Amino acid sequence: MPHTARRHLDLTAAARSVLRESGFEVDLSGKARSQLDAMTEPLAADDARDLRELPWSSIDNATTRDLDQVEAAESLGDGATRIRVAIADVDSRIPKGSPLDAHAARNTVSVYAGDTVLPMLPERLSTDLTSLVEGADRLALVAEMVVDADGRTSGCAVYRALVRNRAQLDYESVGAWLAGTGPLPAKAAAAGMAEQLRVQGDAARRLRQQREARGALELETIEARPVLKDGRVVDIEVTDKGRARDLIEDFMIAANAAVAGFLEEHDVAWIRRLVPPPERWPRIVELARRLGETLPPEPDRPALAAFLRKRRAADPAGFPHLSVSVVKLLGAGRYVVEHRGEELAGHFGLAVQDYTHSTAPNRRFADLVSQRLVKAVLAGTRVPYTDAELDYAARHCTEMEDRARRVERLLRKLAAMDLVQDRVGDVFDAIVTGASAKGTWVRVRHPAIEGKVVRGERGMDVGDHVRVRLVQLDPERGYIDFVRG
C-alpha cells in the first residue's frame with residue numbers, strides 16, 4: 001500500500017492497538033481492579049530493619065515515577081566503600097496467585113514507546129504504592145556489599161528493610177555534575193547529598209574497572225525515542241548515556257550478582273539471566289579485521305573487550321554505531337532456570353558467572369519472582385514456586401520480552417514515519433544492523449530511524465556503512481523501505 005500523508009500520529013492509540021495484537025493485556029480484569037481499589041497505605045514494617053536515616057537517593061529519567069531502586073554508600077577507609085542497593089518490595093503488595101499477579105505474569109514486562117508506557121503493574125502501584133518515591137517510607141529488599149580499593153566485592157548480604165528516598169534525582173543533571181560540566185542538582189544540594197554522590201560515583205568507577213579487568217564488554221548502544229510537541233512527533237532523540245547512567249548500571253549489576261549469589265548459596269532453583277558466547281563470532285572477527293585488528297577465531301571476551309576499548313579511544317563518534325553492530329551479533333539474552341546442582345553458563349557481556357534480574361520488580365516479572373525466592377529463604381519458608389512453574393516463567397518472560405522489543409521497535413518506526421513523511425526520495429548515511437535470510441536492515445544516523453533495504457542489499461552485512469535512499473513508508477504494515485545508494 002503506498003504511503004498517504006498524515007498530519008498527526010496518535011502514538012498512544014497506536015501503542016494500545018499494537019500491544020493488543022501482540023498478546024499483551026492492556027486493561028486490568030475486574031478482579032485485578034477490585035484488588036487494586038482495596039489497597040490502603042501504609043504497610044507495616046514487621047521484621048524489616050529500619051534504615052530510613054541512611055542517605056538514600058534515586059537517579060533515573062527526569063519524568064520517571066516507577067522507581068525500583070535507591071542507593072546509599074559509606075566510606076570505610078583503606079579505599080573501601082559499603083554500598084547498599086534497596087529494591088522495592090513489590091511482593092508485599094502483590095501476593096503470588098492474586099489477580100494483579102496474574103496480570104503481571106501474563107505481560108511480564110513494562111513496554112516503553114516514547115511518552116507512551118504500558119506498565120507491567122498499574123500506575124497506582126508502580127508509580128506510587130510500590131515505587132520508592134521521594135519522601136515516602138517503603139519496604140525494600142537491600143543488597144549490601146563492600147567494594148574494596150580494587151573494585152572487588154565481599155561481605156555480600158541480602159535482607160529486608162524500611163527505607164526513605166531523600167532525593168529523587170535525574171540522569172542528566174547528576175551526570176553533568178559528576179563530569180564537572182554542571183552544578184549540583186538543587187534536590188541533591190538541599191538534601192546534603194554532594195559527598196554521598198561522590199562516594200557512590202567513586203565506588204561505581206571501581207566496580208566498572210574490576211569488570212573490565214575480567215573482560216566485561218563496555219558497549220555504548222544508541223537508544224532512540226520519539227519527541228512529541230503538541231501531540232506531533234518533532235524528532236527522534238538519541239539518549240546520551242553519561243556518568244550517572246553508568247553509576248546506576250554499575251550498582252544494578254553488582255546488586256543482581258549479589259542476589260544471584262545469595263540464591264545459589266542457599267541451593268534453591270532460580271532464574272538466571274543467560275547471555276551465551278555469540279554464534280556470529282566470525283562476523284565480529286570480520287568487523288575487527290576491517291578496522292585493522294585481529295581477534296581469535298573462537299569467542300574470546302577479553303580480546304573483544306580490548307578491541308572495543310581501543311576503538312572507543314580511536315573513534316568516539318563512531319563507537320556507538322560499532323556497539324550497535326556488536327550487540328546485534330552477540331544476540332539477545334534469555335531467562336533459564338538453574339536447578340539445584342546445575343552450573344550453567346554466565347553472562348558473556350558482563351563477565352559475570354552468576355547473574356539474575358532482581359532490581360526492577362515493578363517493571364519485570366522475572367525480578368518479582370527472584371524477590372519472592374529471596375524472601376522465602378530469609379523467612380525460612382518453602383519457596384513459592386515449583387521447578388515446573390519456574391521453567392514456565394523463564395520461557396514466558398523471554399517470549400514476552402522479545403514481543404516487547406518488537407512492539408517498541410514498531411512504534412519507533414511509526415513515530416519515524418510521522419517525522420519523515422515528507423522526505424521520501426532523500427538519501428541518508430546508515431549502518432547495517434541486521435542481515436539474514438529474512439532481509440537486511442539499516443539504521444539511519446540522523447534522524448535515528450530503522451528500515452529494510454528492499455533493493456541492492458546483496459553483500460551487505462551487520463556493521464557495514466552504506467548510503468540508502470528512502471523509497472516508501474507503509475504505516476499499515478509498519479514498513480520503512482530503503483534502496484542502496
Side-chain angles (χ1 to χ4, degrees), residues 22-25 29 32 68 87 89-92 94-111 118 120-121 141 143 158 252-253 255-279 330-350 352-407:
S22 300
F24 286 89
E25 189 173 74
S29 68
D68 289 286
I87 304 162
D89 186 350
V90 175
D91 172 67
S92 63
I94 312 296
K96 179 180 181 288
S98 66
L100 283 169
D101 181 56
H103 176 79
R106 173 170 174 174
N107 288 350
T108 79
V109 67
S110 293
V111 185
L118 175 69
M120 183 183 77
L121 294 172
L141 279 183
V158 182
M252 175 198 70
I253 293 170
N256 281 332
V259 170
F262 175 88
L263 293 170
E264 181 82 353
E265 177 186 351
H266 287 86
D267 196 29
V268 297
W270 55 284
I271 294 181
R272 176 189 286 276
R273 183 62 174 179
L274 177 66
V275 179
E279 293 181 0
L330 288 176
R334 66 181 187 271
Y335 296 107
V336 295
V337 176
E338 181 156 311
H339 299 284
R340 299 161 190 84
E342 287 184 329
E343 184 62 33
L344 302 178
H347 195 299
F348 183 85
L350 297 179
V352 177
Q353 175 57 37
D354 292 329
Y355 195 73
T356 191
H357 275 171
S358 66
T359 54
N362 275 304
R363 313 180 197 192
R364 292 188 304 233
F365 189 71
D367 301 54
L368 181 54
V369 171
S370 295
Q371 183 170 101
R372 288 171 174 154
L373 296 174
V374 168
K375 289 178 67 176
V377 171
L378 290 173
T381 58
R382 185 176 180 178
V383 294
Y385 293 93
T386 65
D387 285 3
E389 287 176 321
L390 286 176
D391 283 330
Y392 174 79
R395 292 194 305 272
H396 186 60
C397 285
T398 299
E399 169 62 23
M400 296 307 288
E401 181 182 73
D402 290 344
R403 293 189 192 187
R405 279 197 294 265
R406 291 196 293 269
V407 166

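For the single chain, residues carry numbers from 1 onward in sequence order. Note that this is a predicted model, so its numbers are computed, not measured.
- Y355 places a side-chain heavy atom less than 4.5 Å from the side chain of I253.
- Taking a cutoff of 4.0 Å between a charged side-chain nitrogen and a carboxylate oxygen, D89 and K375 qualify as a salt bridge.
- Checked by atom type, the side-chain pair Y335/H396 shows no donor-acceptor distance below 3.5 Å.
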Inset, instruction - Kindly indicate, with the supporting measurements, whether the criterion side chain to side chain contact (heavy atoms under 4.5 Å, CB included) is fulfilled by T356 and R272. - result: CA-CA 5 Å; T356 191; R272 176 189 286 276; over 6 Å; no

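- Of all heavy-atom pairs between L373 and A269, the closest is CD1-O, 3.6 Å.
- Closest of all the heavy-atom pairs between T108 and A105 is CG2-O, 3.1 Å.
- Residues D101 and K96 are not paired through a salt bridge, judged by the lack of any N-O separation under 4.0 Å between the basic side chain and the carboxylate.
- A pairwise comparison of heavy atoms in A404 and V111 identifies CB-CG2, 3.9 Å as the closest pair.
- Within a 6.0 Å sphere centred on CD of E399, other residues, nucleotides and ligands contribute more than 12 heavy atoms.
- Ionic pairing of R372 and E389 is not present here: no N-O contact between side-chain nitrogen and carboxylate oxygen is shorter than 4.0 angstrom.
- When only modelled atom types and interatomic distance are considered, S358 and N256 share a side-chain donor-acceptor pair under 3.5 Å.
- Each of T398, D402, V275 was checked for a side chain to side chain contact (heavy atoms under 4.5 Å, CB included) with R334, and the lone residue meeting it is T398.
- Side-chain atoms of D391 and H339 include a donor-acceptor pair closer than 3.5 Å.
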